[in-house]
Amino acid sequence: MNDIPILERRRIEAMILKHVLDVITERSGRAEAEAVIGETCSRSAIEQGKAMAEGLDHAPTLSDFADILPNWTKEDALQIETLVTEPDQMDFNVTRCRYAEMYKEMGLGDIGHLLSCNRDGDFCVGYNPDIQLERTQTIMKGASHCDFRYKMK
């Protein structure tokens, strides 16, 4: 599964989660369905962060994080404009997001933030809780770009 590009992995997950969203919406309402999908994706992101950290013999740093970033950009999934790369700070803007484009095409644009965007900070919880993400806008929510600002605590 690790050799499947993350963009393709998210597409496969979204195909299943779309049906989960529909079933929970029918049974318990849209708010509950979105809460369940959000919590599910959050737990998955934390678990994936832990799994990626286990391969290192030290607590992951922002340099380590920069080394694994190509996992998310593979197949031109994200176009990134790098602003700062320092040992304690990594800032970049995403200027094109094929994840957002894909969810919109699948009719899931309204929950794309639950399927992908919210995972970014949650991944750090599992990878190294001392890495903090601040982001004020996303393409998924209609902005011109996503502003990723990572810092070490």
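Small disclaimer: the values here were computed from a predicted structure and weren't measured. In this chain, residues are counted from 1 in sequence order.
Screening residues 33-43 for salt bridge (charged side-chain N to carboxylate O under 4.0 Å, His left out), with sequence neighbours left out, gives R30-E34, E39-R43.
Contact between G126 and A53 at its shortest, heavy atoms only, is O-CB, 4.4 Å. A100 approaches M140 most closely through the heavy-atom pair CA-SD, 3.5 Å. Nearest heavy-atom pair, N128 versus A59, reported as atom, atom and distance to 0.1 Å: ND2-CB, 4.0 Å. When all heavy atoms of M106 and K18 are compared, the pair lying nearest together is O-NZ, 3.9 Å. What you find for C117 and R135 is that their closest heavy atoms are O-NH2, 2.9 Å. Smallest separation of non-hydrogen atoms from A33 and I24: CA-CG2, 3.3 Å.
Here K151 does not pair with D88 in a salt bridge; the nearest charged N to carboxylate O distance is not below 4.0 Å. Between R27 and E32, no side-chain nitrogen of the basic residue sits less than 4.0 Å from a carboxylate oxygen of the acidic one, so the salt-bridge criterion is not met.
Taking a 6.0 Å sphere around CD of Q137, one finds it holds more than 12 heavy atoms contributed by other residues, nucleotides or ligands. Counting heavy-atom neighbours within 6.0 Å of Q89 CD, excluding the residue itself, gives a total above 12.
To the nearest 0.5 Å, atoms CD1 (I37) and CG (L21) are separated by 5.5 Å. With rounding to the nearest 0.5 Å, the separation of CG in D147 from CD1 in I139 is 10.5 Å. The line from CD1 of I111 to OH of Y103 is 8.5 Å long, rounded to the nearest 0.5 Å. Distance OG1/T73 to CZ/R96: 13.0 Å, rounded to 0.5 Å. Interatomic distance, C41 SG to R10 CZ, rounded to the nearest 0.5 Å: 7.5 Å. The CG atom of L7 lies 9.5 Å from the CD atom of E101; values are rounded to the nearest 0.5 Å.
The closest side-chain heavy-atom distance from D120 to F148 is below 4.5 Å.
Applying the ring pair (Phe, Tyr, Trp, His ring centres under 6.0 Å) test to F123 and every residue at least two apart in sequence or in another chain returns W72, Y127. Residues satisfying the side-chain hydrogen bond (donor to acceptor under 3.5 Å, both in side chains) criterion with R11, sequence neighbours excluded, are E8.
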> Where do I80 and N93 land on the side chain to side chain contact (heavy atoms under 4.5 Å, CB included) test, with the steps shown first?
Replying inline: CA-CA 6 Å; I80 292 179; N93 291 332; over 6 Å; no
> Given S44 and R119, is the side-chain hydrogen bond (donor to acceptor under 3.5 Å, both in side chains) satisfied, shown in steps?
Replying inline: CA-CA 8 Å; S44 173; R119 299 175 68 99; 3.2 Å; yes
>> Would T61 and D64 count as a side-chain hydrogen bond (donor to acceptor under 3.5 Å, both in side chains) here? Give the steps.
In response: CA-CA 5 Å; T61 64; D64 296 316; 3.1 Å; yes
>> As a quick check of understanding, evaluate salt bridge (charged side-chain N to carboxylate O under 4.0 Å, His left out) for E75 and R98, giving each step before the final call.
In response: CA-CA 10 Å; E75 296 191 349; R98 288 187 52 213; 5.4 Å; no
>> Using the rule given for salt bridge (charged side-chain N to carboxylate O under 4.0 Å, His left out), can you reason through E47 versus K50, listing the C-alpha separation, both sets of side-chain angles and the distance that settles it, and then say yes or no?
In response: CA-CA 5 Å; E47 182 180 293; K50 286 179 182 174; over 6 Å; no
>> side chain to side chain contact (heavy atoms under 4.5 Å, CB included), that's the test. Do H145 and V94 meet it? Break it down for me.
In response: CA-CA 5 Å; H145 66 279; V94 170; 5.9 Å; no
>> Using the rule given for side chain to side chain contact (heavy atoms under 4.5 Å, CB included), can you reason through R149 versus T136, listing the C-alpha separation, both sets of side-chain angles and the distance that settles it, and then say yes or no?
In response: CA-CA 9 Å; R149 305 296 181 261; T136 64; over 6 Å; no
> Does the side chain to side chain contact (heavy atoms under 4.5 Å, CB included) test come out yes or no for L69 and F92, once each step is laid out?
Replying inline: CA-CA 11 Å; L69 193 57; F92 59 86; 4.1 Å; yes
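Put simply, M90 and M52 are part of the same group of oily side chains (I, L, V, M, F, W, Y) that touch within less than 4.5 Å, one to the next. Both L133 and I6 belong to a common hydrophobic cluster when Ile, Leu, Val, Met, Phe, Trp and Tyr are linked at side-chain heavy-atom distances under 4.5 angstrom. Connection of I68 to L62 is established within a shared hydrophobic cluster, with ILVMFWY side chains joined at heavy-atom distances below 4.5 Å, either directly or through further cluster members. Cluster membership for L17 and M15, using ILVMFWY side-chain heavy atoms within less than 4.5 angstrom, is shared. L108 and V23 sit in two unconnected hydrophobic clusters of ILVMFWY residues. Membership requires side-chain heavy atoms under 4.5 Å apart, directly or through other members.
A donor-acceptor distance shorter than 3.5 angstrom exists from the side chain of T40 to the backbone of V36, with no hydrogens or angles considered.
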